[in-house]
Amino acid sequence: MNNLSQNIVKQRHALHLTQEKLAEQAGMSVNFLSKLERGASRTVSAETLQRLANALEISMEELLNGINKEYSYTKGPHEIQLGKILESYSQTQREEICKGIITILNAQEH
């Protein structure tokens with residue numbers, strides 16, 4: 001079992017998710033998730049990893065490197081919802097949306 005595999009299993013258990021529920025939330029087959037958890041599949045796209053991280057409510061970095069409790073935080077329901085909404089857009093559209101959100105937040109600081 002590699003780090004990715006261990007991180008998936010550990011976080012899935014922490015969230016009390018079955019493989020079936022996690023696979024559904026991440027938009028992948030249970031068979032593929034099972035292979036990832038066993039370390040039997042080493043080929044996975046960045047997009048799939050991001051969907052998996054979102055479903056596990058952690059960052060991509062935490063998914064790949066493990067959760068550092070000192071620097072980690074739990075995503076709230078609105079942040080999770082926003083992440084899921086953003087996933088439905090293309091990368092270019094997501095960047096434009098994020099740019100707009102940052103502009104709004106920066107304007108509120110002044």
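FYI, the numbering just counts along the sequence from 1.
Under the side chain to side chain contact (heavy atoms under 4.5 Å, CB included) rule, Ile58 has a single partner from Leu52, Leu64, Leu63, which is Leu63.
A 4.5 Å side-chain heavy-atom check between Asn7 and Glu62 finds every atom pair outside the cut-off. Leu22 is not listed as a side-chain neighbour of Val30, based on a closest heavy-atom distance of 4.5 Å or more. Taking the side chain as every heavy atom from C-beta outward, Glu95 and Gln91 approach each other to under 4.5 Å. Side-chain atoms of Gln6 and Glu37, non-hydrogen and from C-beta on, never get closer than 4.5 Å to each other. Looking at heavy atoms from C-beta onward, Gln108 lies in side-chain contact with Ile104 at the 4.5 angstrom threshold.
More than 12 heavy atoms of other residues, nucleotides or ligands lie within 6.0 Å of NE2 in His13, so this atom counts as buried by the packing criterion.
Put simply, the side chain of Ser5 gets close to the backbone of Leu36: a donor and an acceptor are under 3.5 Å apart. Formation of a donor-acceptor pair under 3.5 Å by the Thr48 side chain with backbone atoms of Val44 is not found in this model. Side chain of Gln93 to backbone of Ser90: a donor-acceptor contact under 3.5 angstrom is found.
Between Ser34 and Gln19 the shortest heavy-atom distance is CA-NE2, 3.8 Å. Taking each heavy atom of Arg51 and Ala26 in turn, the nearest pair found is NE-O, 2.7 Å.
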